[in-house]
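Below: the structure, in structure tokens.
Numbering starts at 1 and runs along the sequence shown.
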Amino acid sequence: MTQPTTDATFLDWHKLSRRGFLLAGVAIPILKGQAGSPSCVLTNEQEEGPYYIDGATLRRDITEGKPGVSVTLRVALVDAKRCTPLSNAAIDVWHCDAGGTYSGFTAESREAGGGRGPRGGRGGPPPGPPPPGPPPLEPGENQAQALAPRMPPPPPGGRGRRNVDATRFLRGVQITNEKGMVEFTTLYPGWYEGRAIHIHLKAHFGGSAADKYAGGHVSHTGQLFFPEDLTERIAGMQPYAKRLSIHRTTQQEDGVFRSQHGSSSMVQIERIGNSAAPDGFLATVTLAVDPELTPRPVGGPGRGPGGPPPF
């Protein structure tokens, strides 16, 4: 289990140069092309989850004073067919805070020990290897369903119960510029049982932007993931360390990451600021989408293989 880390210890580790990050394997390229060109392979669709709230405000800074490690999230959008930047698209992001809470659902977010991890268990370390042979059947389940990937259950306040409050921290929309890019000022996400640390994202096209973005269609729904070794370090810092009693699901334990191509949507990490005064991280990702498409949702009730929907 991760042990709490003092700020001084973190800063010593944090003094790695950008080259140091690359050599240590912390920075993982998202899309590789030749001679610096972006790869234009269509980015995989992933779960929306139950915490999406339509109508986010157009804004760059989505922190609303929440504590945590600062992250500048830079998203570049390219046309998967033409390999050119996509301007005037709306990038819509949302994620939980350092305590694992999503805005809009603060009264129903999971607390320590609440819920269960993938395929049973209520917090604590994950279970050991399963016994040999097929898994036992659960009520109403056939053998094919038992062998399908198991997903964690949706948290309270999900699709079936929309008790949405007025909070909107760590949610926002930005419009891509002529280079197909947007930036958000946000925080390193925390964790809750059953899911690896992630940021949700949608790409909208054809709508209109005022204080909020409205209309149009969604051409991509996905999730962004962070390097596990960096997450391990940050998990020992406050305010994240307050959650150390809750098992932090790794990417290899996360059914969404494993079954929905999570490794293809890893952010690339760079340290911001100089070694004496680090100012957080720059997380970058390039997404290739077809702006003319409206992909079918991935996962969710009646759409995903086996088990209840992830989130």
Side-chain angles (χ1 to χ4, degrees), residues 1-5 7 9-33 38-39 43-44 46-47 68-76 93-100 118 125-126 170 183-201 222-241 243-244 246-273 275 278-288 310:
M1 177 181 290
T2 305
Q3 297 299 317
T5 306
D7 289 344
T9 302
F10 176 73
L11 292 178
D12 287 341
W13 166 80
H14 202 182
K15 290 178 182 178
L16 283 171
S17 66
R18 179 174 183 273
R19 177 174 173 79
F21 273 109
L22 293 171
L23 292 176
V26 176
I28 301 176
I30 307 307
L31 296 171
K32 296 180 180 179
S39 169
T43 300
N44 293 293
Q46 293 161 330
E47 288 281 332
V69 173
S70 178
V71 171
T72 298
L73 175 63
R74 179 181 295 165
V75 180
V93 301
W94 69 103
H95 65 87
C96 70
D97 66 8
L170 302 176
E183 283 190 359
F184 291 90
T185 299
T186 187
L187 304 171
Y188 208 93
W191 67 91
Y192 48 92
E193 291 184 66
R195 287 303 319 277
I197 283 177
H198 61 285
I199 290 178
H200 292 272
L201 173 148
Q223 300 183 21
L224 307 178
F225 296 91
F226 290 76
E228 281 288 334
D229 47 0
L230 177 58
T231 294
E232 182 73 11
R233 294 278 189 167
I234 288 178
M237 297 178 59
Q238 295 298 345
Y240 304 90
R243 299 278 292 173
L244 289 178
I246 304 298
H247 172 65
R248 183 179 67 79
T249 301
T250 67
Q251 290 163 1
Q252 292 308 308
E253 297 167 345
D254 184 351
V256 175
F257 182 90
R258 290 185 291 107
S259 67
Q260 297 177 17
H261 308 282
S263 60
S264 69
S265 55
M266 297 284 292
V267 297
Q268 176 176 323
I269 291 289
E270 295 181 26
R271 178 178 49 78
I272 297 175
S275 60
D279 297 316
F281 296 96
L282 171 65
T284 62
V285 65
T286 301
L287 304 173

Minimum heavy-atom distance between R271 and F281, given as atom pair plus value:
CA-CD2, 4.1 Å
Value for CD (E193) from CZ (R243), rounded to nearest 0.5 Å, stands at 8.0 Å
Side chains of L201 and L287 in contact at under 4.5 Å (non-hydrogen atoms)
yes
Where do G236 and A241 come nearest, in terms of heavy atoms and distance?
O-CB, 3.7 Å
Minimum heavy-atom separation for G190 to C96, with atom names?
O-SG, 3.5 Å
For Q251 and A196, indicate whether the former's side chain and the latter's backbone hold a donor-acceptor pair under 3.5 Å.
no
Quick check for you: to the nearest 0.5 Å, what is the distance between Y240 atom OH and L187 atom CG?
5.5 Å
Which residues pass the side chain to side chain donor-acceptor pair (under 3.5 Å) test with Q252, not counting sequence neighbours?
none
Considering non-hydrogen atoms only, spot the tightest contact between Y192 and G100 and give its length.
CD2-O, 3.8 Å
Parallel under 30°, tilted from 30 to 60°, perpendicular over 60°: which one fits the rings of Y188 and F226?
tilted
So how far is it from T72 OG1 to E270 CD, rounded to the nearest 0.5 Å?
11.0 Å
Atom pair CZ/CG of R248 and D254 - distance to nearest 0.5 Å:
11.0 Å
Pair E47, Q223 - check side chain to side chain donor-acceptor pair (under 3.5 Å), show working.
CA-CA 7 Å; E47 288 281 332; Q223 300 183 21; 5.8 Å; no
Atom CG of L224 and atom NE2 of H200: how far apart are they, to the nearest 0.5 Å?
10.0 Å
Considering non-hydrogen atoms only, spot the tightest contact between Q46 and S265 and give its length.
NE2-OG, 3.2 Å
What distance separates L73 CG from I199 CD1, expressed to the nearest 0.5 Å?
5.0 Å
Given V93 and T186, is the side chain to side chain contact (heavy atoms under 4.5 Å, CB included) satisfied, shown in steps?
CA-CA 10 Å; V93 301; T186 187; over 6 Å; no
